[in-house]
Amino acid sequence: MTDASTPLVVGDVSRAAGSRPDDDLLQGLNPQQREAVVYRGNALLIVAGAGSGKTRVLTHRIASLLRNKEAWPSQILAITFTNKAAGEMRERVEQLVGQHAQGMWISTFHSACVRILRREAEQFGFTKSFTIYDSGDSRALVKRLVKEYEADAFGLTPAAVQSRISKSKNELVDAEAYARDANMSDPAERKFVEVFGAYQRALQKANAFDFDDLIGQTVYLFRAFPRVADVYRRRFRHILVDEYQDTNHAQYALIHELTRPVVGKAAEPYSAGGMMIFEPEHAPELEPASLTVVGDSDQSIYAFRGADIRNITEFERDYPGAKVVLLEQNYRSTQNILSAANAVISHNFDRKDKRLWTDVGEGEKIVGYTGYSQHDEAQFVADEIDVLRRGGMAYGQMAVFYRTNSQSRALEEIFIRAAIPYKIMGGTRFYERAEIKDALAYLTAVANPADEMAVRRIINRPKRGIGDVTVETIARYAADEGITFRDALANASALGVGPKLQTSITRLDAVLAEASAVMLPSSGEIAPPTAVAEGLSVLLDKSGYRDALRASRDPQDEARLENLDELVAVAREFARNNPDGTLLDFLTEVALVSDADDLEDASGTVSLMTLHTAKGLEFETVFLTGVEEDLLPHRISAGEPGGPSEERRLFYVGVTRARQRLYLTLAMTRAQFGEVSVAMPSRFLQEVPAELIDWRQSPGDVNSRGGTQSRALNARRPWGQRRTDDPPALRPKSTAMEKFPNRIPAKVRDNGDMELASGDRIRHEDFGDGIVDAVTGEGPKRVAHVRFDKAGAKKLLIKIAPIEKL
DNA sequence: TGCCCCACCTTTTTT
DNA sequence: AGGTGGGGCA
């Protein structure tokens, strides 16, 4: 996080004569890639298809700029989508140019903005110790305000309010601007304006930014203070943006601000919040910085949160004279996989045609499988992983993708039973766990005492007998005295609360003060690198937080203690990597780093993740599960403009992650909301040319019950009886193509409105005869509770179960 | 104030 | 189905 603060040098940077110092950087690049590396001009758009080596091109381009002495490291700003991508890029540039990589800014939009805002916060009413609200924090705040303003009476749910605020900010429309254009004759709209305004005031009061503000306020800063903007325009001469198709309007505007020409005359020497800026006495007017963007509109999957695909499609208009380079040769996947991807994505009508190709050959066919249930589907995946593993493929080379996080459950259950090591990427995040948020709130209370939310969060954790009534008393006292909530804790005796409460409050105040002394030593002293970890331990121990967990009889609290230990370990690790890192640096990193970023220890385990998380990754083998209507494409996308296309791109992203083997799997029934429902094969399956898929079990097979047995049933057999002599991969290939020529079968097994009542006798293809105990549910979701003579009690979905009435 | 039970809502994706 | 939050009661 620290910056080498290289003095800014502008002007002639001479080129070495003779052979280019970057010759070796061009080795092994195809002509298009080479052009993308060597082109020099104000604007360059690299349209990079999946797997076309864009990271290579980007890193080599940066290295080339450095090697040729066309730029100092400090003049380079490279923006990536995730911290992980940033780390990888830095590493690869370092491999190419060694120490010269230091001083470059390679980071996400959010991290870059935090660095700028910390330096400039005082320019506009914040202090540099501001904290960052993640979506959970924002949600909590919105929720409180919705309640306070009784906005729910107008049909405004916290989730809706939060999303509207976020969308608005992504369009650079702040609370004031929104209020100006709002339709104030609509009472619900008026209410929203009120809440939006209150939300923003609360953030300001807490000296905090939410995710969207990090970008939006930086843009505001640049526009309101051109002199500040000029500092960064002079500094960053080469700006590179990865995943440009996923930028939203605010991010677009930020880049636009940074790539304006510097028109103002250089002002007097100017120090920007710690960054020493040396400006030559006669700073010349400067050309705009050169801008390189890389993107693929076919991989735009974040429109739902404001990403604007037009940023890439209209790049040439925004930057006249821009050069466009197309990378279509794919170095990742087999031709079969690419053909499937090309075929599916070509169904999106509003795109420029682009066809990925490779010279590595056709490769294996795509394998299709249809399970009876999601457990059955998961069992197939587990069995295949087992077979591939025995064939020599490492677990780390295999990944399972799904559309929604909830789908991971069934997979996990089966994987645990099959003893397959796996790791869930993303998912329920470590940093969203209650105990971690508590611990971070303690740290925040120390780092940014203005953050009332943080103090409120921890004031009664562990239980100190400080309830709502007392909290409000403190809040009122703070307001009356004109001090912060945090400072009010120091005057417990003046609050007019009972002696027991006074003691509790004073103790908490003392703990916070002690930790503060450890982590934020008074001026002059420098906190040792371990200060954060030590301070955190002080907070957790002396507040009684750990003791309370230890004393608890809730078995989950054991795990919570371990999580806290892990957080302390993270703090130590942070200290190792950032010897000068402060408490604020730590909190910043934690707020901006997602779990998806720590993919390092995924070796040796199968990776499970959502399709969104999968973007930018690649695996030898990919299982794309739940390829069903209403799931992929997701039901909710149907109603949104551009939704179905975006889902198709999501499918495309998933398919193109696979290097050699691709599995497309689905289930005929899926339990959702605790209810079983019938699933239909996804339309995307129809869009894959039939000859590319080898169906081990097609939807047609399942519906006609071709004598195969449910794997879920296999799985329930005792271990010894498992048919190890019949591993799935060695089974005769299905000839089901004619039964399911890649068309959604017209004859799904359908019992129609079969009437069943308790007492009826039925016959099931697998379970034999039984008697109906009860029927629950309605319509197509009616479920029969059946006691089978041999197989015991089962619940069956009447509409599709292979049963007949006797 | 704290605990327990019930109702409800979830499940789209994330920096 | 499972988790969370709110409300009511001790």
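This one's a predicted model, so the numbers in the text were calculated from it and none came from an experiment. Reminder, nothing fancy here: chain letters follow the sequence lines and each chain counts from 1.
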Using a cut-off of less than 4.0 Å, is there contact between a side-chain N or O of [X] and OP1 or OP2 of [N]?
X	N	result
T470(A)	dT1(B)	yes
T610(A)	dT14(B)	yes
N405(A)	dT13(B)	yes

Can you measure [X] atom [atom1] to [N] atom [atom2] for me and round it to whole angstrom units?
X	N	atom1	atom2	answer
R648(A)	dT13(B)	CZ	C1'	18 Å
E628(A)	dT11(B)	CD	P	19 Å
E412(A)	dG2(C)	CD	P	13 Å
L501(A)	dT1(B)	CG	P	7 Å
K84(A)	dT15(B)	NZ	P	11 Å
E646(A)	dT14(B)	CD	C1'	12 Å

- Any side chain to side chain donor-acceptor pair (under 3.5 Å) pairs touching residues 155-166 of chain A, not counting sequence neighbours?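 Only R164(A)-Y178(A), R164(A)-E189(A), S166(A)-D212(A) qualify under side chain to side chain donor-acceptor pair (under 3.5 Å).
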- Message: Taking 5.5 Å and 30° as the limits, would you call F304(A) and the base of dT12(B) a stacked pair?
- Response: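 Base of dT12(B): not stacked against F304(A).
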Over all strands shown, is [X] touching base, sugar-phosphate only, or nothing at heavy-atom distances under 4.0 angstrom?
X	result
K500(A)	nothing
S163(A)	nothing
N460(A)	sugar-phosphate
F109(A)	nothing
S135(A)	base
H110(A)	base

- Starting at the 5' end of DNA chain B and moving along, which residue's nearest nucleotide shows up first, V469(A) or R403(A)?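 This one resolves to V469(A).
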- Message: If you assign F673(A) and G467(A) each to the DNA chain B nucleotide with the nearest heavy atom, which residue ends up on the more 5' nucleotide?
- Response: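 On the 5' side of the pair lies G467(A).
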- Message: Please give the distance between the C1' atoms of dT13(B) and dT4(C) as a whole number of Å.
- Response: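 22 Å, rounded to whole Å.
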- Message: Assess whether a salt bridge exists between K54(A) and D296(A), defined as any Lys/Arg side-chain N lying under 4.0 Å from an Asp/Glu carboxylate O.
- Response: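 Salt bridge between K54(A) and D296(A), a charged N being under 4.0 Å from a carboxylate O: no.
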- Message: Can you tell me how the ring of F684(A) sits relative to the ring of F651(A), calling it parallel under 30°, perpendicular over 60° and tilted otherwise?
- Response: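 Tilted, since the angle between the ring planes falls between 30° and 60°.
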- Pair E120(A)-Y232(A), side-chain donor/acceptor within less than 3.5 Å: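 Yes, a side-chain donor-acceptor pair sits under 3.5 Å.
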- Item | Distance-only donor-acceptor test, H634(A) side-chain atoms vs dT12(B) base atoms, 3.5 Å |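 No, the side chain and the base share no sub-3.5 Å donor-acceptor pair.
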- Message: Can you tell me if R635(A) has over 12 outside heavy atoms packed within less than 6.0 Å of its CZ?
- Response: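 It does not: R635(A) CZ has 12 such atoms or fewer within range.
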